[in-house]
Amino acid sequence: MPPAAPSDVPPAVPANIRLGGPADVPADVPVDAPADARADASPADVRERVVAWFDEHRRDLPWRAPDRTAWGVLVSEVMLQQTPVVRVEPAWRAWMARWPTPADLAAAGTDEVLRAWDRLGYPRRALRLQECARAVVERHGGTVPATADELLALPGVGSYTAGAVLSFAYGRRAVVLDTNVRRVLARLAVGEALPGPAVTAVETRLAEAWLPDDDLGAARWAAASMELGALVCTARSPRCAACPVEDACRWRRAGSPPDAHAHRRRTQAWTGTDRQVRGRVMALLREAPGPVPAHVVAGTWPDRVQRERCLAALVADGLVVEQAGAGEDDEVAYALPR
DNA sequence: AAAGCGGGGAC
DNA sequence: GTCCCAGCTTT
């Protein structure tokens, strides 16, 4: 970690990333404009304004409540990996009411865990969350660890989730670089419409440079910048008129240019993919009270080759178990793992 | 670095 | 139809 800098001066940034300054003023700003219309606000000032906005406009989400637990924060972060907040909130409430602690989830039946995950998507996350609960119980006595290395060693926890738990649950200084923060920094600090398809080392260094030096300040900035991205600095139709730092935004100053790397994005196919087939099989097994005979599973997808490939993959993933010959006709059946 | 992995709502 | 969502894991 680079040495801490005083919080009243701009943080060090990678040489190829400019935070702004007189040389960066776009051509459409008259040279005889007032000086303060051409000078950038300091990063500390920008952060303060975003945090002040956050204090006023933050959503009242249950995993932010004063009585939240570190485990509750971790559960929310795993659920929020690619699933929108509005869909996670009710699922999180039901989940935490049923399994409040890692020990509770560790002891649950995996079939019930997968049913409770319902349609949040990417059900491997539910499997990993239960493995994570068991690891927390076995390695850490049931307490969510508070170091990056220990968090990253947990199943389903990557750099984002580890940083989020450190910051939101423990109030520690940590880079929290999700899709919202990436977009805010891309616009505010870099001047691009959207970040690239994957997190880069330069981006991580930029996020680190913007992080206040103190734990509390860093945690507040992490939450505030993420919320700004979720509510104002949105991917489509950003509400710049409501933004507390529009005047300091390099993207706005540049005239809101279009996405520079749109040509590198590839939209995920859905119809007819293995993911669709897997989703249908999992939906069927979630709703069934017990094992489902193969001829019923066959009704989920007409293409036998693709269907069997997906079933085999689901079994390999641990999301489905195959049971032989339970019925009178010795037909194979499929079920959720116990 | 790229691919695979769910599902639904907004446009 | 396309795009996007508090990403992680494997190749």
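Note that these values count all heavy atoms, side chains included, but never hydrogens, waters or copies made by symmetry. In what follows, chains are A, B, ... by sequence order, proteins preceding strands, each numbered from 1.
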For a quick check of understanding: with a heavy-atom distance under 4.0 Å over all strands, which category does [X] fall into, base, sugar-phosphate or nothing?
X: A/Thr273; answer: nothing
X: A/Val88; answer: nothing
X: A/Ala235; answer: sugar-phosphate
X: A/Thr161; answer: sugar-phosphate

What's the spacing between [X] [atom1] and [Y] [atom2] if we round to 0.5 Å?
X: A/Arg119; Y: A/Thr83; atom1: CZ; atom2: OG1; answer: 13.5 Å
X: A/Arg309; Y: A/Arg278; atom1: CZ; atom2: CZ; answer: 11.0 Å
X: A/Cys233; Y: A/Leu188; atom1: SG; atom2: CG; answer: 8.0 Å
X: A/Trp251; Y: A/Ser256; atom1: CH2; atom2: OG; answer: 4.0 Å

Exercise. Listed in order of residue number, which residues of residues 177-184 of chain A have a non-hydrogen atom at under 4.0 Å from DNA chain C?
Worked result: A/Asp178, A/Thr179, A/Asn180, A/Arg183
Problem set entry | Close approaches to DNA chain C from residues 57-67 of chain A, in residue order (heavy atom, under 4.0 Å) | A/Arg59, A/Leu61, A/Trp63, A/Arg64
Exercise. On a whole-Å scale, what distance lies between the P atoms belonging to C/dT11 and B/dG6?
Worked result: 16 Å
For this session: For C/dA6 and B/dC11, measure between their P atoms and round to the nearest Å.
Result: 15 Å
Exercise. Just checking, is any N or O donor in the side chain of A/Ser42 or A/Asp45 under 3.5 Å from an acceptor N or O on the other one?
Worked result: no
Exercise. Which is it for A/Thr161 and A/Gln81 under the side chain to side chain donor-acceptor pair (under 3.5 Å) test, yes or no, and what are the steps along the way?
Worked result: CA-CA 9 Å; A/Thr161 302; A/Gln81 292 168 2; 2.9 Å; yes
Exercise. Do the ring planes of A/Trp210 and A/Trp221 sit parallel (below 30°), tilted (30 to 60°) or perpendicular (above 60°)?
Worked result: parallel
Exercise. Can A/Val292 be reached from A/Leu314 by stepping across I, L, V, M, F, W or Y side chains whose heavy atoms are under 4.5 Å apart?
Worked result: yes
Exercise. Under a 4.0 Å N-O cut-off, is there an ion pair linking A/Asp111 with A/Arg338?
Worked result: yes
For this session: State whether A/Glu208 and A/Arg173 are salt-bridged, where the test is any N-O pair (Lys NZ or Arg NE/NH1/NH2 against Asp/Glu carboxylate O) under 4.0 Å.
Result: yes
Problem set entry | salt bridge (charged side-chain N to carboxylate O under 4.0 Å, His left out): pairs with one or both residues in residues 127-155 of chain A, sequence neighbours excluded | none
Problem set entry | Sequence neighbours excluded - salt bridge (charged side-chain N to carboxylate O under 4.0 Å, His left out) pairs with any residue from residues 226-243 of chain A | A/Arg59-A/Glu227, A/Arg64-A/Glu227
Exercise. Does A/Thr234 or A/Gly156 map to a spot on DNA chain C nearer the 5' end, using the closest nucleotide for each?
Worked result: A/Thr234
Seminar exercise, completed: Footprint ends on DNA chain C, 5' to 3', for atoms under 4.0 angstrom from a heavy atom of chain A, come out as C/dC3 to C/dT9
Problem set entry | Nucleotide-resolved protein contact map, nucleotides 4-10 of chain B, B/S/- at heavy-atom distance under 4.0 Å | BBBBS-B
For this session: Just do the side chain to side chain donor-acceptor pair (under 3.5 Å) check on A/Arg275 and A/Gln268 with the steps written out, would you?
Result: CA-CA 10 Å; A/Arg275 301 213 328 280; A/Gln268 271 186 338; 3.2 Å; yes
